[in-house]
Amino acid sequence: MAAASSCSASLGLLLAAHCALLLALAGAASAGGGVALSSAFYDASCPGAHDVVRRVIQDARVSDPRIPASLVRLHFHDCFVNGCDGSLLLDDDLPAIQTEKNVVANNNSARGFPVVDDIKAALENACPGIVSCADILALAAEISVELAGGPRWGVLLGRRDGTTTNVESANNLPSPFDPLNVLQEKFRNVNLDDTDLVALQGAHTFGKVQCQFTRENCTAGQPEGALENLDEATPNLFDNKYYGNLLEGRAQLPSDQVMLSGPAAAATTAPIVHRFAGNQQDFFRNFAASMIKMGNISPLTGSDGEIRRNCRRVNGKGY
Ligand code: HEM
Ligand SMILES: *[C@@H]1O[C@H](CO)[C@@H](O)[C@H](O)[C@H]1NC(C)=O
Ligand SMILES: *[C@@H]1O[C@H](CO)[C@@H](O)[C@H](O)[C@H]1NC(C)=O
């Protein structure tokens, strides 16, 4: 019922076939055991959750147009470490909690945490103790993509927040200098295949990159943190131009370009890059499906974990 209603809401933009796909995936999500995530999870307990998250992001992007991209990346860096459990959001609370925010992939790079705080505060005001920080990241990612002109999908909800961090795993997040086989392995480890890898890297259609991570590195005199657009063709739009950039050899990150021109790419990722470059609807459908898959990485459900009151701290003061 709720899956159907979130689907009909997107019918204005997308094909009916897309909705059938999302419903099929929502059904498949229950196969992993435990309690399945559901797009209807907050329908009774916090019916305004989606609108609250959307309003805060809309407000934030007036002064910070980059924020939608930054929020999408937070969901990725949360889900790849200990599953989608909000572990990325925890600040140092030593000795028990060593923050993931200081690892190489996040330090001076992951951003948007104050906006997550604002979303949490607004939700605690609307429905105290109900919406998890892990679900905030999943909702924020979808809304951010949609606001930038990308696809919509019915976000599956019901994740609970973890009470630990995993710095070792965060140190193993994909690196822009990883070769293709290592990227593929890191994705396979969380049940994401080559199509997911190519589709999800399509998120580099918006947002910024520090020149120190780009294929051309920084030019003389540029500080290593100088920002450039990830997609130089349409910097703030969520579209398939990113794949066109790859075809022109103009992707920013080495880890982008290896999907097309690395030695092993021809047999695996390159045909998918060509497909998405030639068909934006195909990319959008696959991106939505892959985001749902990524959002299903080892969620805590049922009575596991907790609903944090403050996304930066576990509840209670037991340490
Ligand atoms: C394949 C592995 C990936 C690698 C190696 C990678 C690497 C990077 C790097 C190095 C940056 C720039 C960070 C900086 O300069 O501070 C970046 C930015 C970004 N990444 Fe990825 N990424 C990967 C996959 C993904 C995925 C799966 C998503 C989301 C679905 C994503 C979304 C983004 C976004 C939106 C930005 C811009 C963030 C902003 O402007 O704040 N990336 N990525
Ligand atoms: C994070 O960046 C800051 C300042 O840019 C630096 O001083 C600090 O050492 C870095 N932290 C880690 C763990 O590398
Ligand atoms: C980029 O250039 C800086 C400064 O020359 C250098 O220290 C760094 O190792 C370079 N990075 C890469 C990935 O080559």
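Indexing begins at 1, ligand by ligand and atom by atom, following the structure's order.
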Shortest protein heavy-atom distance from [atom], along with the residue and atom involved:
atom	answer
atom 24 (C) of ligand 1	F76 CE2, 3.3 Å
atom 35 (C) of ligand 1	A69 O, 3.1 Å
atom 3 (C) of ligand 3	N217 ND2, 3.7 Å
atom 29 (C) of ligand 1	A203 CB, 3.5 Å
atom 13 (C) of ligand 1	S109 OG, 3.4 Å
atom 15 (O) of ligand 1	Q210 N, 2.7 Å
atom 41 (O) of ligand 1	S70 OG, 2.6 Å
atom 2 (C) of ligand 1	P174 CB, 3.4 Å

Would the distance check show the side chain of [X] and the main-chain N or O of [Y] forming a donor-acceptor pair, the cut-off being under 3.5 Å?
X	Y	result
R313	R308	no
Q210	N108	yes
N171	V167	yes
Q201	V198	no

[X] side chain to [Y] side chain, donor-acceptor N/O pair below 3.5 angstrom:
X	Y	result
E306	T163	no
Q184	D194	yes
D282	N286	yes
D231	T234	yes

request  = Indicate, as side chain, backbone, both or neither, the part of A105 found under 4.0 angstrom from ligand 1 when only non-hydrogen atoms are considered.
outcome  = neither
key: Parallel, tilted or perpendicular, as decided by the 30° and 60° cut-offs, for the rings of W153 and F287   = perpendicular
query = Which of parallel (below 30°), tilted (30 to 60°) and perpendicular (above 60°) describes F283 and F276?
reply = tilted
note = For N108, the atoms of ligand 2 under 4.0 Å from one of its heavy atoms are 1 (C), 2 (O), 3 (C), 4 (C), 5 (O)
key: Numbered atoms of ligand 2 (with element) below 4.0 Å of N102, judged on heavy atoms   = 12 (C), 13 (C)
Using a strict 4.0 Å cut-off to heavy atoms of [X], name the atoms of ligand 1 that fall inside it.
X	value
V72	29 (C)
F187	1 (C), 2 (C)
F213	14 (C), 15 (O), 16 (O)
P176	5 (C), 10 (C)
G207	37 (C), 40 (O)
L230	18 (C), 19 (C), 36 (C), 37 (C)
L253	7 (C), 8 (C), 9 (C), 10 (C)
R66	39 (C), 40 (O), 41 (O)

Best match, N107, V103, N106, V167: closest heavy atom to atom 6 (C) of ligand 2 = N107
query = Heavy-atom distance to atom 21 (Fe) of ligand 1: which of H204, Q201, H75, R73 wins?
reply = H204
Passing candidate, side-chain contact (heavy atoms from CB on, under 4.5 Å) with [X], options [options]:
X	options	result
N245	H204, Q252, R250	R250
L74	V115, N106, L88, I136	L88
K101	D92, N107, D91	D91

query = Would you say atom 9 (O) of ligand 3 has a protein heavy atom nearer than 4.0 Å?
reply = no
task = Might you check, step by step, whether the distance between atom 14 (O) of ligand 2 and some protein heavy atom is under 4.0 Å?
result = yes
query = Of all the atoms in ligand 3, which lie at a distance below 4.0 Å from a heavy atom belonging to F177?
reply = 13 (C)
note = Separation between CD (E228) and CD (Q222), nearest 0.5 Å, reads 5.0 Å
request  = May I ask whether F213 has any heavy atom positioned less than 4.0 angstrom from an atom of ligand 3?
outcome  = no
message = Under the criterion side-chain contact (heavy atoms from CB on, under 4.5 Å), I'd like the reasoning laid out for L37 against R159: C-alpha separation, chi angles, the key distance, then a yes or no.
response = CA-CA 7 Å; L37 302 179; R159 300 170 191 79; 3.7 Å; yes
